[in-house]
Amino acid sequence: MAADLVNWIGWLLSAALGLWLLVRLVAYLRLQIPRQQALVIKIDRVLPQTQCGKCGYPGCRPYAEAIAAGAAINRCPPGGHRTIVALARLLNEQPRPLDPAHGDIEPSQVAFIREDECIGCMKCIRACPVDAILGSGKLMHTVIASECTGCDLCVEPCPVDCIDIIPDLEPAQVSLPHRRVDNPLDELEAQP
Amino acid sequence: MPFDDFARLILAQAFTNNIVLIQLLGVSAFFAFSRDLRQALEVAVFSALLLLVTTAIGMPLLRWGLHPLGLRSLDLVLLAGLGAGLTRFFVVWVESHLPLSRRRHGVGLYLAGSNGAIIGFALQSSRAESPYVLTLIAALGTSLGLALFLIAFTALRQRLDKIDAPTAFRGAPLLLISAGLVAMSLMALRLPA
Amino acid sequence: MIVNKRLLLRAKHGAFSRAGGMKLTSTKAAALRCGISSMPPPPRLFLEVADHRSRPAALLVKAGDKVRKFQQLSRTVDLSQAPVFSPLSATVAAISRDAHTRRTTIRLDILASDENAESETLPPLTDYGSLTAAQITERIAILGVSGLGGRGMPVAHKLAAAKKRRVQQLIINAVESDPDISADEAMIRERSKAVVEGARILQRASSAERCGIAISKEKKAAIAALRAALAGSDIELLILPTHYPLGEEHRLIYALFGTETAPSASILDAGFLCFNAATAHAVALAVNRGEPMISRIVSVDGPTPLRPQNCEVLFGTPIWHLLEVCGADPAQKDRTLINGSMRGQLLENTQAVVHSGVRGVRILDASELLQSDELERNCINCGHCVSACPVNLQPQALFRASRARDTFQLAALGLEDCIDCGLCDQVCPSHLPLRDYFGAGRSEMRLWQGSVDRADHFRNRFDAHQARAERKLRRPQSVALAARQSDSKTEFSRTSAKAEIAAAVARVKARRAERAEDQGSPRKDDD
Amino acid sequence: MPLVTPWSRFVQRQADSAAWQRWTCLGLLAPTALVAATTDAGFLANLLLIIVSALAADAIAAWLRGISPGAVLADYSALSFALMFALTLAAEAPWWLGMSGAVFGLFIAKQAFGGHGEYLFQPLAAAYVFTRLGFPEFSGPSLMDTATAALCADIPATALIALALLTGALPLLILKAVDWRIPGVVFLTLILSLALSRSIDPPLWAFNTIIFTAQPSLLLVILFVATDPVTSPVTARGRSLFALLIALPMAVGAWTVDLTTAMAIVLLANFLTPLIDLMCRPRIFGHQNRGSVFLD
């Protein structure tokens with residue numbers, strides 16, 4: 001009698017456990033679908049938004065779409081190692097060093113117009129993807145440094161080559177006080 | 001069937017007879033392992049489902065279809081085909097619903113990794129003489145063991161990434177040592193007292 | 001005056017020990033033995049003015065100028081920065097800017113005679129009740145009163161932020177739970193009237209419904225002084241048990257009202273506003289007497305040659321000058337700790353000066369000096385830090401993630417919610433310098449967050465750029481489309497002809513406008 | 001400037017992990033002495049050999065990694081390992097068995113993972129399971145369990161050893177070096193299961209009527225091996241769950257519980273520890289929900 005009872009309790013408990021697992025799983029999968037739909041947005045958030053096109057795509061969003069479709073994650077020089085590590089983590093891949101075909105990693109930079117040489121042709125203003133250049137026809141232009149992404153898209157159109165790309169701020173460094181274990185960021189930075 | 005036998009069967013299949021660690025089927029799942037618990041959970045669930053479905057379909061096909069006809073040599077071919085077909089079906093579903101998995105090229109690869117376990121179990125059960133229902137229960141236990149193993153191992157791997165191990169042992173060596181220690185402990189559970 | 005006894009009752013039933021944190025051994029008694037000592041003015045003061053958003057601060061003086069006591073030295077752009085005042089009559093000896101720390105330092109050589117001292121103050125008030133909340137805030141802003149609790153946020157800035165939200169409860173925080181800082185306690189003992197006055201002013205300025213002064217129960221003399229000052233007032237006296245880190249505002253609000261607020265978020269969102277007791281005192285001085293903020297009380301503590309005391313110190317006084325005046329041995333310069341043992345930092349720059357964020361300085365005892373390299377062992381996962389953490393973080397996991405520079409895991413584990421109380425560091429049986437690791441992890445996180453914020457900004461600008469380009473493309477088409485639609489609807493008539501002409505003119509105009517825009521003013525109709 | 005940490009005089013009881021290991025060694029002295037008294041001198045020779053090889057293994061590993069061996073030996077973890085490992089050996093164990101077990105445990109299960117604090121599987125459990133699987137012919141019940149010589153008048157030697165183990169673990173529990181929840185939950189589960197199995201007639205489950213005085217080795221596993229903080233979860237909930245995971249297989253009796261099974265179960269529970277840690281993170285103060293298991 002008691003044995004029967006325990007038997008039944010056991011069955012009931014395992015049935016309940018199974019049911020609970022099933023319900024949790026279905027709920028999880030349903031939650032997963034909208035989560036994952038936002039993949040392009042997630043990738044785009046990690047990219048530096050310089051819109052420089054060095055990756056070979058016309059802007060950061062197109063590159064994010066390409067990554068979602070399978071493009072390599074190591075094509076973004078302005079993002080540097082941190083962007084590669086972030087993308088690798090997001091997509092669960094091994095971080096790879098930056099593809100040298102797309103440029104080298106540089107510290108944060110901004111464009112600078114040598115104002116006495118500027119002829120006021122408006123060409124750089126039209127080229128700037130983030131409207132960081134101020135000026136009007138036949139008048140001198142200048143770069144709003146805080147809005148400049150340093151994408152160097154304005155350099156090429158300038159007919160008199162009066163635009164320089166200069167380093168913005170000295171790169172910030174984080175120094176860990178003590179022992180540090182191996183991590184993808186250090187590995188990437190250690191590579192020649 | 002008394003619950004006692006049921007519980008024993010499930011526990012034995014999940015732990016002491018663990019398909020990966022003891023029977024060494026689908027060990028390739030180790031190498032395809034991710035650090036991402038979310039992905040591990042997905043793969044674990046799909047592997048478990050695949051194992052159940054493949055066994056449920058493949059075992060009767062083999063036992064009551066091929067074996068009476070004397071076509072035992074075709075066992076593996078049929079099961080591989082069945083497993084591949086079902087995997088494909090799952091992969092298509094996953095990729096259409098979970099785009100992140102598609103980008104990661106993951107699910108297909110990971111499922112292929114555990115395919116050894118899936119086909120292996122179906123093959124074993126078709127050769128054994130246990131009744132159909134018992135086989136299904138054993139399949140349930142096996143798939144639970146597989147899923148638990150996949151998930152726990154991913155969590156373990158996350159921890160392994162953060163430890164201060166000697167350089168020579170980082171990554172795969174420690175992964176294999178850990179798997180070996182777990183396998184040893186499961187084998188120890190099967191020792192005669 | 002109402003005394004809230006509920007809290008002590010809760011403490012009796014162990015609510016506070018369950019809520020994390022712990023009781024610490026206090027070393028305040030030595031410094032509290034004497035009253036507030038005032039320090040002779042130092043020969044030189046170094047006033048620091050921080051840059052305002054990557055722009056050097058606007059100074060009102062140049063090198064060589066003579067300045068009077070209370071004279072304003074820097075101008076501010078908005079409320080997020082407080083102006084700087086000269087604490088004494090002096091000569092501006094030099095002005096230098098450090099690009100790395102982004103601070104401008106004004107060196108003042110103090111003049112011996114202190115003539116026409118009070119000439120720069122605002123006229124004193126007899127009754128602040130005649131002022132509106134906005135006027136009080138303005139007066140506080142002009143006089144440059146900053147918070148003295150450690151972060152040094154301008155009071156007017158906080159009040160302005162509070163104005164946008166409904167503040168239900170104002171708390172004057174006199175808890176000071178650090179075991180080795182007693183500046184607030186010493187101040188309240190002597191100046192409780194001004195503190196209560198400041199609390200009233202702040203209540204009026206923030207339009208808070210209720211106001212309370214929170215203090216921990218072991219500060220008996222301070223409580224007595226407050227009781228006397230509060231007689232007949234409707235300001236509540238909230239007496240808390242002695243428990244670290246109850247002085248942290250999020251924990252304080254939880255202890256007082258049971259409202260949990262995430263430490264990464266502002267307590268204003270929950271309707272609370274919190275000021276330090278010393279801040280309230282400074283507010284009272286500024287509003288009533290019209291004096292700008294030029295000094296604060298600093299707790300000084302250390303081994304024997306030094307006399308532990310609470311000193312009223314002018315801003316800009318070099319910390320080591322202060323310590324030497326108090327009797328410290330100059331050979332111990334490399335072991336100066338500011339702001340207490342729990343949350344403090346070792347002073348790396350021996351030239352550092354007292355500013356509004358320096359609550360206490362302490363010279364470490366020889367027995368406290370530990371070379372962490374010798375002592376630091378491996379984390380053994382013992383979980384002592386987990387049970388000590390008052391905000392339920394997992395310091396051991398944060399430590400591993402910091403060590404591996406894993407920004408994402410640090411964020412997921414909630415490093416932003418760490419209140420930096422230092423308890424995990426103290427209880428760690430392996431003597432890991434956890435706070436140092438978290439500091440490194442935090443700067444790692446900020447670095448990444450900064451680039452993400454920048455990227456968001458650029459994305460917005462790029463999206464606006466794209467949207468405008470699209471509008472530009474679409475405009476002529478839509479005009480043409482409208483014309484064609486009106487064409488198909490009606491037959492030829494005078495009115496329809498007129499419409500057609502108007503449409504043509506509009507088309508030309510649009511084209512001309514577009515051309516003009518291409519060459520000339522680009523932002524005419526977009527901004 | 002060398003980094004200096006203010007050692008707090010404010011925390012009322014400053015804990016020290018090396019002191020905990022010293023207490024562990026001290027607590028193991030009495031059981032070791034009792035076992036030595038009940039057996040011949042072979043045990044002492046074995047013990048010495050294991051201690052020497054354990055210390056040497058740790059020192060060599062440290063030297064290979066370029067760390068000063070003194071710093072590694074100073075945490076006493078090798079010594080406590082050696083003492084416990086000697087207690088688990090069987091009477092018929094040859095001299096090289098203990099040595100190889102110690103080398104395996106310390107090299108593979110401990111130092112390969114990065115030493116004390118970093119390992120994921122309890123080295124002692126790993127070493128024991130290794131010797132048991134590798135050399136089954138020498139692995140009878142441990143000396144603790146087979147001690148028969150009567151030391152006091154009527155108390156069996158095993159009971160005395162069990163008592164010594166309990167008292168040895170007491171300081172660790174008081175110092176909170178180990179969490180009381182782990183032995184607590186294990187004992188509670190076992191007692192409950194025992195009560196349950198007695199009350200059901202006929203017994204449905206083959207409950208193990210474990211009498212710990214008959215098997216001090218199990219007590220060693222529960223008090224010293226399972227409670228190792230390095231390989232157990234970190235939160236209170238996690239530790240209770242961990243202890244339940246250890247106790248349930250013992251109680252259910254799917255296996256006959258002897259030292260080998262107990263060690264294997266502990267190793268398996270260690271395998272699940274990272275997952276338990278992820279699942280049992282507490283709700284951060286001021287937040288609505290507990291953090292996600294997935295850490296994102």
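Letters A, B, ... mirror the listed sequences (proteins, then strands); counts begin at 1. In this text, all values refer to a predicted model and were calculated from it rather than measured experimentally.
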query = chain B: which of D:Val129, D:Asn270, D:Ile276 shares the most heavy-atom pairs with it under 4.5 Å?
reply = D:Val129
query = What is the distance from atom CZ of D:Arg65 to atom CG of B:Asp164, rounded to the nearest 0.5 Å?
reply = 5.0 Å
For B:Arg159, the option from D:Leu275, D:Asp277, D:Leu278 that meets side chain to side chain contact (heavy atoms under 4.5 Å, CB included) = D:Asp277
message = Within the structure provided, determine whether D:Phe271 and B:Leu148 are in side-chain contact (heavy-atom separation under 4.5 Å).
response = no
request  = Look only at the side chain of D:Glu118 and the backbone of B:Ile163, and say whether a donor-acceptor pair between them is shorter than 3.5 Å.
outcome  = no
query = With chain B, which of D:Gly66, D:Pro274, D:Pro136 has the greatest number of heavy-atom pairs at distances under 4.5 Å?
reply = D:Pro274
task = Give, as side chain, backbone, both or neither, the part of D:Leu120 having an atom under 4.5 angstrom from any heavy atom of chain B.
result = side chain
key: Heavy-atom proximity to chain B below 4.5 Å, by part of D:Phe130   = both
query = When only pairs under 4.5 Å are counted, which of B:Pro166, B:Ala12, B:Ala152, B:Ala168 shares the most heavy-atom pairs with chain D?
reply = B:Pro166
query = Can you check whether D:Leu267 reaches B:Met184 side chain to side chain, under 4.5 Å on heavy atoms?
reply = no
note = Interface check, chain B: of D:Leu268, D:Leu272, D:Thr260, D:Thr273, most non-hydrogen pairs under 4.5 Å belong to D:Leu268
ask   = Is any side-chain heavy atom of D:Phe113 closer than 4.5 Å to a side-chain heavy atom of B:Leu160?
value = yes
Residue, of D:Ala126, D:Ala109, D:Gly115, D:Ala264, that accumulates the most heavy atom pairs under 4.5 Å with chain B = D:Ala264
request  = Side chain from CB out, backbone as N, CA, C, O: work out which of these in B:Ser178 comes under 4.5 Å of a heavy atom of chain D, or both, or neither.
outcome  = both
